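Since this is a predicted model, take the numbers as computed values, not measurements. For the numbers below, each heavy atom of this structure counts, side chains included, while hydrogens, waters and symmetry mates do not.
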Amino acid sequence: MACCALQIIGLIFGGVGMVGTLAATAMPQWRVSAHIDSNIVVFETIWEGLWMDCISQMGIRLQCKFYDSILALPPPLEAFRALMCIAVLLSIIAFLMAIVGVKYTHWTKEDPQGISIFMLAAGVAFLVTGVLVLIPVSWTGGSIIHDFYDAKVPTPLKRELGAALYVGWECSLSYTLCQCNLSF
């Protein structure tokens, strides 16, 4: 009975991770403008995401613009887009496999573990998804921190960590917890 409860908890963590991965991929708040030193333009906040840039003016007006050309994007951004899209697809597939695994797991006296191959595959897929999310999120976070403390970067171009990065880190943790519970 404890295994069943752990599998349900793992399924919940997987669902939270899946929704978070979708949100982090779509959110424009990967990089957020920093208001430091003499940069006193505080009524305008710039958000940079995987798909668009947005400008929020005093929290009232929000204006977003999708990137014009895929060919004009920097190579890391193209790679991050691809990794996050693969992670979204893999998380959906893993979640569906976990649902099937929970539904068709049977415990018998001959096989007390009774773990379904679907559960094992879903656990591995969730773990891979967590790594796929962790790579672009951590790389972007490291880049933001490096540029923030770099004296050669002008103050108006410095950025802070956006909400999408925190959502991505939470998703990676959720996938890890999910994999631990599903493979129990």
Might you point out which heavy atoms bring [X] and [Y] nearest each other, and give the distance in Å?
{"X": "M97", "Y": "F118", "answer": "O-CB, 3.6 Å"}
{"X": "A125", "Y": "L90", "answer": "O-CD2, 3.7 Å"}
{"X": "G17", "Y": "C171", "answer": "O-SG, 3.6 Å"}
{"X": "P136", "Y": "L132", "answer": "CD-O, 2.9 Å"}
{"X": "A94", "Y": "A122", "answer": "O-CB, 3.5 Å"}
{"X": "E160", "Y": "S33", "answer": "OE1-O, 4.3 Å"}

Please confirm whether the backbone N or O of [Y] pairs with a side-chain atom of [X], one donor and one acceptor, at under 3.5 Å?
{"X": "K158", "Y": "I145", "answer": "no"}
{"X": "S91", "Y": "A87", "answer": "yes"}
{"X": "S172", "Y": "V133", "answer": "no"}

Would you compute the distance between atom [atom1] of [X] and atom [atom2] of [Y] and round it to the nearest 0.5 angstrom?
{"X": "T129", "Y": "L83", "atom1": "OG1", "atom2": "CG", "value": "11.5 Å"}
{"X": "E48", "Y": "R31", "atom1": "CD", "atom2": "CZ", "value": "6.0 Å"}
{"X": "F148", "Y": "S143", "atom1": "CZ", "atom2": "OG", "value": "13.5 Å"}
{"X": "M52", "Y": "Q63", "atom1": "CE", "atom2": "CD", "value": "13.0 Å"}
{"X": "Q57", "Y": "I46", "atom1": "CD", "atom2": "CD1", "value": "10.0 Å"}
{"X": "L161", "Y": "I144", "atom1": "CG", "atom2": "CD1", "value": "5.0 Å"}

Should [X] and [Y] count as side-chain neighbours, where that means a heavy-atom distance under 4.5 Å?
{"X": "F126", "Y": "F13", "value": "no"}
{"X": "E170", "Y": "V16", "value": "yes"}
{"X": "F95", "Y": "L11", "value": "yes"}
{"X": "W30", "Y": "L165", "value": "yes"}
{"X": "Y166", "Y": "V137", "value": "no"}

Inset, instruction - Report the C-alpha distance between C64 and D53 in whole Å, list the side-chain angles of each, state the deciding distance to 0.1 Å, and finish with yes or no for side chain to side chain contact (heavy atoms under 4.5 Å, CB included). - result: CA-CA 6 Å; C64 295; D53 286 338; over 6 Å; no
Can you hop from [X] to [Y] via hydrophobic side chains spaced under 4.5 Å?
{"X": "L157", "Y": "V32", "result": "no"}
{"X": "Y175", "Y": "I99", "result": "yes"}
{"X": "W169", "Y": "W47", "result": "no"}
{"X": "L77", "Y": "F66", "result": "yes"}
{"X": "V131", "Y": "V128", "result": "yes"}

Inset, instruction - Check step by step if side chain to side chain contact (heavy atoms under 4.5 Å, CB included) holds for I55 and T45. - result: CA-CA 6 Å; I55 297 176; T45 303; over 6 Å; no
Legend entry - Donor + acceptor pair across side chains of R81, T25 (<3.5 Å):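 The answer is no; no qualifying pair exists.
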